[in-house]
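Notes to accompany the following structure.
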Amino acid sequence: MKTEFVRYLERLSEIYPTIDKASTEIINLQSILNLPKGTEHFLSDLHGEYAAFSHVLRNGSGAVRKKIDDVFGHTLSQKDKRELASLIYYPRQKIDYLKTLEQDTENWYKITLYRLIEICKVVSSKYTRSKVRKALPPAYAYVIEELITEKPEVLNRGAYFDGIVNTILEVGSADKFIVAMSELIQRLVVDHLHILGDIYDRGNGAHNIMDKLCNYHSLDIQWGNHDVMWMGSAAGNTACIANIIRNSILYGNIDVLEDGYGINMVPLASFAMNTYADDDCNCFKIKHLRKTSDTDNELEMKMHKAIAVIQFKLEGQLIAKYPEFNMDNRRLLHRIDFKNGTVEIDSKTYPMKDMNFPTIDPKNPYELNEREKEVMEKLRTVFTRCEKLQRHTNLLMKKGSLYKVYNGNLLFHGCVPMNSDGSFREVMVDGKLYSGIKLYNILESNARKALMSLDKKERIRGGDILWYLWNGPVSPLFGRDKMTTFERYFIEDKSTHHEEKNAYYYLIDKEEIADKILSEFGLDKTGHIINGHVPVHQSEGENPLKCGGKVIMIDGGFSKAYHKLTGIAGYTLTYNSYGLTLTAHEPFERAEQVIYDDRDIVSNQVAVEHAFNRILVGDTDNGKKLKENIADLKELIKAYRLGTISEKIL
């Protein structure tokens, strides 16, 4: 009887039917192991800031400019380097702009093409020819490969290159060729992208970010609490839908819903105007006003209040449905004293700033009235049938997870829930207590069912779990004891607005705690914890590096809403063959400043960890897989030579 391994080798022999074929593949794989590892790019908490995200993606958090410096050193002026960088970032727009200037166009084309060729040679040198070939734009694949590949048989390389470049100019393909080369450089500078959560909310370009990610060559996503709320909405969870709409109105980015995803807000607008016609809704002001009329602003405030009340009702229903969530202190509608205009929270009584609640029945405060039910059913229908949202959610499911272990590092958004004594905090899920990595795994399993299960009950429960991940007191993605949305709207006393952070944030600077978490997720002490979620307040002296650099917080506040608090506009991280580099970015204003004035985003880089020896592919997770493949191929060759498996006649 054949063993499973022999059967496996027989399958392998179908791909490598001879000793020569298997030997050649071993040589190819071994050569890959000795290449420098590709650059990983880490971004977190994008919060809909598409322009800033797009630019940081184009410049690779400074990686493109570094390659320009590496290639040209002091042979190019700083002005020429800045112009070349801006061309690589925005090639089409830059070419259009330069055409409006009076200059020697033919000479500029030649110089630029040669410079791009030199950069392409360098950025492609750490990859196999096969991988570079796959990245080449089809229309110019052969020509670019000729230009960036060393050809020792060509005696007069200068004349050879001149011939190709002159032909490109003669046939009028220079513009398209420069665009292709620039985009190839962007593509090769970063090998893999990590998004550590919170793509959505705050800014108005989340849908554009998702479109760009759908076409990105290699990435993974660690879900943020804002992301799972959108996933829950795509699954039809009405509490998630209400939260998304309220957040969108609050931050003045309702355009994401209406224009980005085609969500019809008319039913809510009509309901709000009728229900709150005589209410100024003063507690529901918009934080970031769009350029709209006073009438539009008044309508949005009424919509804001209408959806907030609906949200509190729907959340109250979920909390009652799942007592194991331990969120009863968030059911506050039945604690309102409608006669005296007060509310009881944590055994204390506070005056309410607003007591106009025409849709709340004091005897049954969490029940939606008929009009509210009608509005939410219509919204649920459009969310679940929105093709674009479903496509984006599919990407989050396919490329996303609650955490990722990658090349010796642990990536997640938020925190690993802990108790003050450093033990992992337990949560009741499906009738059992879970903590640490097991908590992540069971929550992710349930969350995936919201969109993947064929069982209706499992899909509903999965949607409810996604809502819990958004704001639950022991949610790994939220990391606070409660979300005080109700208090921020209705209670003046700011002490009620406080949300206590999980003990993780107070303990993570201790090496034994960081090591404990790494060990829990199967990593050794040489690894790093990389996470976002809580903006690092650099202006107050807060350091993104914790525990001597073992823990790296990369949420510096991409969102404009956080800039005053953080003092910067986001941290990003790169991990290449030389080590880890953290970059702090100043606010990005407009792409036009880069195109017209060659003003790149101001970034300050700090080496987190420099590798003693250059890190090779063989040192990575992919390298481990390649070594396993090599070992299997050696076993196949051994089986051929022993006669266990016969070589195939070609």
Side-chain angles (χ1 to χ4, degrees), residues 197 200 210 220-245 261 263 310-311 313-327 330 366-368 372-404 413 417 426-478:
Y200 283 94
M210 290 301 299
D220 56 65
I221 301 169
Q222 289 68 64
W223 301 330
N225 61 319
H226 287 266
D227 305 322
V228 295
M229 186 167 56
W230 282 80
M231 292 163 63
S233 297
N237 184 280
T238 51
C240 288
I241 291 171
N243 269 282
I244 280 178
I245 296 172
Y261 288 109
I263 303 295
I310 290 173
Q311 174 190 317
K313 289 184 176 184
L314 292 170
E315 290 182 332
Q317 293 174 20
L318 281 181
I319 293 166
K321 181 181 178 181
Y322 297 101
E324 64 268 29
F325 286 174
N326 289 320
M327 295 178 67
R330 296 291 84 211
Y366 300 103
E367 181 70 25
L368 299 185
E372 289 173 322
K373 288 178 183 177
E374 181 183 336
V375 168
M376 290 312 299
E377 186 52 40
K378 287 180 178 178
L379 287 169
R380 184 183 182 281
T381 299
V382 293
F383 268 89
T384 55
R385 293 181 181 177
C386 175
E387 185 276 333
K388 189 172 186 178
L389 179 58
Q390 295 300 323
R391 175 161 48 86
H392 289 169
T393 302
N394 183 57
L395 179 73
L396 289 169
M397 294 295 286
K398 184 179 179 181
K399 297 292 185 180
S401 56
L402 280 180
Y403 69 93
K404 184 82 172 178
H413 182 90
E426 294 183 325
V427 182
M428 182 74 72
V429 184
D430 298 338
K432 296 181 180 179
L433 289 172
Y434 295 89
S435 64
I437 190 173
K438 292 180 179 178
L439 173 61
Y440 276 84
N441 291 339
I442 190 64
L443 288 173
E444 182 173 328
S445 175
N446 274 282
R448 290 188 179 278
K449 291 175 183 177
L451 292 140
M452 305 299 291
S453 178
L454 298 177
D455 184 280
K456 184 178 179 180
K457 289 183 178 179
E458 286 187 343
R459 290 177 73 95
I460 291 172
R461 177 170 173 75
D464 295 342
I465 290 291
L466 286 167
W467 172 80
Y468 177 82
L469 285 168
W470 151 244
N471 68 349
V474 198
S475 162
L477 304 185
F478 180 48

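Please read all numbers here as calculations on a predicted model, not as lab measurements.
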Only one of V228, L318, V427 passes side chain to side chain contact (heavy atoms under 4.5 Å, CB included) with Y468, and that residue is V427
Do [X] and [Y] come close enough that some side-chain heavy atom pair is under 4.5 Å?
X    : Y    : result
M210 : L396 : yes
Y434 : L443 : no
N225 : N471 : no

Quick one: does any side-chain atom of S445 pair with a main-chain N or O of N441 as donor and acceptor, under 3.5 Å? no
Electrostatic pair [X]:[Y] at N-O distance under 4.0 angstrom:
X    : Y    : value
E374 : K378 : yes
R330 : E315 : no
E367 : K373 : yes
D430 : R461 : yes

Can you spot which of Y200, F478, W470 makes a ring-ring contact (aromatic ring centres under 6.0 Å, His included) with H226? W470
If I compare all heavy atoms of I263 with all of C386, which pair ends up nearest, and what's the gap? CD1-CB, 4.4 Å
Which atom names give the shortest non-hydrogen contact between L466 and C240, and what distance separates them? C-SG, 4.5 Å
Proximity of W230 and Y261 rings by center, below 6.0 Å: yes
Test log, rule side-chain contact (heavy atoms from CB on, under 4.5 Å), inputs Q311 and I245: CA-CA 10 Å; Q311 174 190 317; I245 296 172; over 6 Å; no
